[in-house]
There are 2 protein chains.
Amino acid sequence: MPIRVLLFEDNNKLRESLSYLIDNAEGFTVAGDYSNCNDAFNITRDIKPDVILMDIDMPGHSGIEGVAMVKEANPATAVIMYTVFEDDDKLFQCLCAGANGYLLKKTPPGKLFDAIHDVMNGGAPMSPNIARKVLATFQHKSQANEYNLSPREIEVLQLLTKGYSIKMITSELGMAFDTGRSHLKNIYQKLHVNCGKEAIAKALKERIL
Amino acid sequence: MPIRVLLFEDNNKLRESLSYLIDNAEGFTVAGDYSNCNDAFNITRDIKPDVILMDIDMPGHSGIEGVAMVKEANPATAVIMYTVFEDDDKLFQCLCAGANGYLLKKTPPGKLFDAIHDVMNGGAPMSPNIARKVLATFQHKSQANEYNLSPREIEVLQLLTKGYSIKMITSELGMAFDTGRSHLKNIYQKLHVNCGKEAIAKALKERIL
DNA sequence: TAGTATATACCTCATTTGAGTGATACTACT
DNA sequence: AGTAGTATCACTCAAATGAGGTATATACTA
């Protein structure tokens, strides 16, 4: 049986072209196409499509909200974002909302079919630039020295981010209590924070360490 | 000019087959193949290949260390992991070390060429299972209620993870100082931690919120 | 209706922490 | 030889925090 695809795209011309293209391809059928995702929850719940191609910039609810609605209505439906946006913010919001793939609209239409097959196969089709951005998030670490932390300070900060108290840190590293406090004071200065809690938040959010 | 590929793989049979296969393919040439990556730094620095296929489990330095060495020697060289491992630990260690792709050895050899082209194109070729794991890391959030935090407690915890002091939190949320402390005490209990720093660390690491 | 969870608020006490100040020693570079 | 950075340790003081206990009002549930 053919793969059932749903389209959410507010550009009528594009939506109709895509619908025609996909519906006439071997092994695919378009189960519906919509110019907004205001009713995405009910639609998905009722139709339970295999794959959804989702634009981001639509009137009313955005595609980002759309993904969330779809995933709540039927988690088994795979959602591929299909958009012109490639800024980090929108990308990661979509991924966090549960998107299974992310294609830029400059993707040649023929590649769409590969992507749909890929996502049905448990994959995560992404345009090359997008995939690179995603992998880059794992590599944002070795920049501890953006703040010129000394090796010893890094050790201290690492233990701090485990929730250790100064006492625990200093005994772990075999230094005097006040030495640990000195290090922490210097760390706080370098990170431009005022207390340990801010330091932990900053260190973990920016993946220092 | 052909794409210059380097192989690091300790299984001699497999390495020779791969080398033969790739070297005889149109548009590819094997610039070297090695059974371990103990000298990966110097090799990469001297040869500066376009792409490296890297095994993980090798005698001496692991492929994970290998990636790091390669990336230090010549960041422009793309590294595709080629391994049987699909456990989260090894995967994320490789990605953090700078790997550009991650293929399981069950990948049909023909797909290797697609992957190499993909990575040369700025992409990040990954086996479907792997890609799913990577995307899943972005979706590990909405499980705040694993700890049965009440809505109000979640608000408090969110501000806490911004490094806010109790004073700031309570004034932000318009409640009495002691009310904030009560909430925090309950939050600490529910998260099984003893202090705010641990709570922040746990909340950020487990992406509660 | 009784019980449970939530949100609110207050009190006390001991500990932890941040800020300020100062000091010694070692290394590395100028 | 002098300077800068790092690592070490000490002392004080005021503020922030965690742990303990109590209390009230509301809302939902059994």
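For the numbers below, each heavy atom of this structure counts, side chains included, while hydrogens, waters and symmetry mates do not. Below, read A as the first sequence line, B as the second, and so on, with proteins coming before strands; counting in each chain starts at 1.
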Q.
What I want to check is whether the side chains of A:Asp23 and A:Thr29 have a donor and an acceptor closer together than 3.5 Å.
A. yes

Q: If a protein heavy atom is under 4.0 Å from the base, mark B; if only from the sugar-phosphate, S; if neither, -; do that for nucleotides 17-30 of chain D going 5' to 3'.
A: BBBBB---------

Q) Got a second to check how far B:Asp118's CG is from A:Met126's CE, nearest 0.5 Å? A) 10.0 Å

**Q.** Spatial distance of atom CZ (A:Phe8) from atom CD1 (A:Ile52) [nearest 0.5 Å]
**A.** 5.0 Å

**Q.** B/S/- contact track for nucleotides 23-30 of chain C, protein heavy atom under 4.0 Å
**A.** --------

Q. What is the distance, rounded to the nearest whole Å, between atom CG of A:Leu173 and atom P of D:dC9?
A. 11 Å

**Q.** Point-to-point distance, once rounded to the nearest 0.5 Å, from CZ of B:Phe85 to OH of B:Tyr102
**A.** 8.0 Å

Q) With under 30° as parallel and over 60° as perpendicular, where do the rings of B:His117 and B:Phe28 fit, or are they tilted in between? A) tilted

(Q) Salt bridge or not between B:Glu172 and B:Lys167? Use side-chain N to carboxylate O under 4.0 Å. (A) no

**Q.** Atom pair distance, as rounded to whole Å: CE in A:Met168 and P in C:dT15
**A.** 17 Å

Q. How many angstroms lie between CD1 in A:Ile169 and CZ in A:Arg181, if you round to the nearest 0.5 Å?
A. 12.5 Å

Q. Given atom CG of A:Asp178 and atom P of C:dT16, what is their separation to the nearest angstrom?
A. 13 Å

Q) Are the charged groups of A:Lys105 and A:Asp55 less than 4.0 angstrom apart, N to O? A) yes

Q.
Does either side chain, that of B:Tyr147 or that of B:Gln189, offer a donor lying less than 3.5 Å from an acceptor on the other one?
A. no

Return the polar atom pairs (N/O with N/O) between nucleotides 5-7 of chain D and the protein under 3.5 Å, or none.
residue : atom : partner  : partner atom : Å
D:dA7   : OP1  : A:Arg152 : N            : 3.2
D:dA7   : OP2  : A:Ser150 : OG           : 2.1

**Q.** Within 6.0 Å of NZ in A:Lys162, more than 12 heavy atoms from elsewhere
**A.** no

Q: May I have the distance from A:Gln189 (atom CD) to C:dG18 (atom C1'), rounded to whole angstrom?
A: 12 Å

